[in-house]
Amino acid sequence: MDDHPAKSPDHLTVRVTRRDDPVSEVTEADAFASARKYPNLVVRGPLFGLAEQRRGERPRWRLLGELDTGFPQMARDELNSYLWNKAKDEAEDRAERRSLLEAVALLETKPVNEVTAAGVRYRVVRADEFARIGGGRLEPPRATDPDEDGWDLDAPETSRTKGFVIDHAAAVGLTEGMDRVGLLHLSYTASRFPDDVRADSQRALTTHPGVVLLPPAFRVVERNEQSWSMVTGQHATPQGARRALVDHLTRPMPELPDLPGMPELPEWMKVDEKEAAVNERAAKKFTARRRPNELVVRGKRFDVVRVERVMRIGPDGPETPRPSDTDDYGPSQIHPRMDEHGTITYGSSAEASS
């Protein structure tokens, strides 16, 4: 108590407010019912993305896109491209372009998790993805989760993560506040995690003691006897995940024509006509239902599930990648050289990356 006699800092504050409007009351009731039915958590692992902090928004941060990459370097490369394109298309003068390109040059050579360019802080941020489970089943979408209609498989998807403001002290509803308090001590404890991963997870409870819940996302999983395997990526709405399942069933990878010297495709890549017909019929029945969340095809069970992402917050904002978060590769030059005037020079080391 002596450390913060006036008031708790933002990263330690969980502010709960009561909302009396009918929509909020129904959402709260839905969340309470779900917590009773799916009381336990299954942690999948870390995800990485990008956030920015502008001078007028401190101490808050704003997400620049989805949190959907499994390796820190993938997010660093995303930041590299973001700043390079910003320098090419949006810089207002040479000084701004020079600042952006200096950050790009740093990202090309070092695995840094934060850069400042043109007065804006950019950070590679980390979150843990988890799902709720009860009765041997992962939580499906809730009735109050924002959703949409339509089965156009090529329809553009909206995003509820891009632009999300990371503000630990912002007021939240009662159930979200209780969820956040319950997640304060979430860490990797299972023996399947390496020692350094568990140690970093425990350390984060001290270095980043606060938590923020990001908007939920939705995936399709295939349920096996003892586990689940991911079938699709994250989607902003349950309907987006349902469309992805239909796409998975009806648009398998086509067979390539036989070419001299080309190896034969492995069996798992070949399209079986009978299986394709069964999948097509199953998809047709699936799309005839009103917002379905499960499908069984040829003994395979697919579920649309609700996943959540929790981000740890410290005194200086959201957590960055941990030392035990590994990468398959390191930083490199992605785009051709550009000078402060915006002139691009194509060379052998970057010709393929414009």
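Side chains included, hydrogens not; waters and symmetry mates left out as well; all remaining heavy atoms used.
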Roughly how far apart are [X] [atom1] and [Y] [atom2], rounded to 0.5 Å?
X      : Y      : atom1 : atom2 : answer
Asp68  : Phe48  : CG    : CZ    : 12.0 Å
Phe130 : Glu139 : CZ    : CD    : 9.5 Å
Gln73  : Ser332 : CD    : OG    : 7.0 Å

Tell me, with the steps shown, if Arg309 and Thr161 meet side chain to side chain donor-acceptor pair (under 3.5 Å). CA-CA 10 Å; Arg309 296 157 297 175; Thr161 303; 3.0 Å; yes
Determine whether a donor-acceptor pair (N or O, by modelled atom type, separation under 3.5 Å) exists between the side chain of [X] and the backbone of [Y].
X      : Y      : answer
Thr13  : Ala169 : no
Thr287 : Ala283 : yes
Trp61  : Ala51  : no
Arg121 : Thr116 : no
Gln202 : Ser187 : no
Arg219 : Thr232 : yes
Asp21  : Ser24  : yes
His341 : Arg94  : no

Do Arg306 and Ser34 have side-chain N/O donor and acceptor atoms under 3.5 Å apart? no
Does this structure show an ion pair linking [X] with [Y], if we count only N-O contacts that are shorter than 4.0 Å?
X      : Y      : value
Arg123 : Asp316 : yes
Arg291 : Asp149 : yes
Arg15  : Asp167 : no
Glu319 : Arg312 : no
Asp325 : Arg322 : no
Arg242 : Asp147 : yes

Using side chain to side chain contact (heavy atoms under 4.5 Å, CB included), reason through His168 and Arg180 one step at a time and then give a plain yes or no. CA-CA 10 Å; His168 193 279; Arg180 284 171 59 181; 3.3 Å; yes
Between Arg289 and Glu294, does the salt bridge (Lys or Arg N to Asp or Glu O under 4.0 Å) criterion hold? Intermediate values first, please. CA-CA 11 Å; Arg289 294 158 57 192; Glu294 59 183 51; 5.7 Å; no
Is there a salt bridge (Lys or Arg N to Asp or Glu O under 4.0 Å) between Arg243 and Glu148 once you walk through the steps? CA-CA 11 Å; Arg243 287 196 292 257; Glu148 54 188 338; 3.0 Å; yes
Less than 4.5 Å apart, side chain to side chain, heavy atoms only: is that true for Tyr38 and Pro140? yes
